[in-house]
Amino acid sequence: MAQGRRYWLMKSEPRVFSIDDLAQSPKQTTCWDGVRNYQARNFMREMAVGDQVFFYHSNAEPPAVVGIAEVARIAYPDQTQFDKTSHHYDAASVPSAPRWDMVDIRYRQTFNASLSLDRLRQEPKLKGMVLLQKGSRLSVQPVTESEWAVVLKLAGAKVS
DNA sequence: GCCAACGTTGGC
DNA sequence: GCCAACGTTGGC
């Protein structure tokens with residue numbers, strides 16, 4: 001295992017892009033465009049290839065961690081910021097100094113039983129998770145190694 | 001669909 | 001540099 005491999009959680013609305021969509025993408029890989037929050041962007045800039053990612057369904061019934069992906073490409077400019085026809089267009093960003101980045105993530109697995117937000121809240125060991133903090137809305141957030149292990153265990157997922 | 005919490009913008 | 005107004009996120 002690579003030293004210092006890190007763990008993250010990324011949110012997506014399943015009606016927009018679900019973990020099934022990721023699994024069915026070419027090479028089971030997608031670029032994570034559209035992030036327009038500086039904190040989330042900064043976390044993506046810290047990512048390394050091979051970092052592990054919990055795939056979280058937000059605005060879902062129920063909201064839940066549904067599986068695992070991994071970082072396949074480190075941060076690079078999100079082209080949608082320059083696309084006037086895109087929802088994510090940012091008139092204040094210029095190609096010589098792109099404001100917004102994205103990473104590529106690759107599908108790894110879908111949990112047999114997804115872990116609802118409710119279930120996660122019931123686990124004392126996960127009290128500190130960024131996801132569970134009051135008012136937390138970050139769409140890209142760090143997960144500690146111990147939180148990663150606890151969630152995996154709750155999911156009954158095979159550790160590889 | 002509501003609205004609390006949070007981030008961003010822009011007037012001053 | 002303060003802060004009110006506004007927009008967005010995302011659980012419920």
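Throughout, protein chains are lettered first and strands after them, A, B, ... in sequence-line order, and every chain is numbered starting at 1.
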- Of all residues at least two apart in sequence or in a different chain, which pass the ring-ring contact (aromatic ring centres under 6.0 Å, His included) check with A:Tyr56?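 Not a single residue meets the ring-ring contact (aromatic ring centres under 6.0 Å, His included) criterion with A:Tyr56.
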- Query: Roughly how far apart are A:Leu22 CG and A:Trp32 CH2, rounded to 0.5 Å?
  - Reply: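 A:Leu22 atom CG to A:Trp32 atom CH2 measures 7.5 Å (nearest 0.5 Å).
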- Have A:Asp20 and A:Ser18 got a donor and an acceptor in their side chains that come within less than 3.5 Å?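 Judged by distance alone, the side chains do not pair up.
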- Query: Where the side chain of A:Gln52 meets the backbone of A:Gly50, is there a donor-acceptor pair that is under 3.5 Å apart?
  - Reply: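 A pair under 3.5 Å: yes.
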- Item | Short side-chain to backbone donor-acceptor contact, A:Arg121 and A:Leu132, under 3.5 Å |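 Looks like yes, one N/O pair under 3.5 Å.
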- Message: Let's go through A:Asp101 and A:Tyr76 carefully: what are the C-alpha distance in whole Å and the side-chain angles of both, what is the deciding distance for side-chain contact (heavy atoms from CB on, under 4.5 Å) to 0.1 Å, and is it a yes or a no?
- Response: CA-CA 5 Å; A:Asp101 282 357; A:Tyr76 62 106; 6.0 Å; no
- Item | Boundaries of the DNA chain B segment in contact with chain A, non-hydrogen, under 4.0 Å |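 Result: B:dA5 to B:dT8.
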- For A:Asp33 and A:Gln79, what are the C-alpha separation, side-chain angles and deciding distance, and is it a side-chain contact (heavy atoms from CB on, under 4.5 Å)? CA-CA 8 Å; A:Asp33 62 17; A:Gln79 293 307 310; over 6 Å; no
- Give one of base, sugar-phosphate or nothing for A:Gln39, where a contact means two heavy atoms less than 4.0 Å apart.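 A:Gln39: backbone/sugar contact only, no base atoms under 4.0 Å.
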- Which of residues 58-69 of chain A have a heavy atom under 4.0 Å from DNA chain B?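 Those residues: none at all.
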- Message: Tell me whether A:Arg36 is salt-bridged to A:Asp90, with the criterion being a basic N under 4.0 Å from an acidic carboxylate O.
- Response: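 Here A:Arg36 does not pair with A:Asp90 in a salt bridge, since their nearest N and O are not under 4.0 Å apart.
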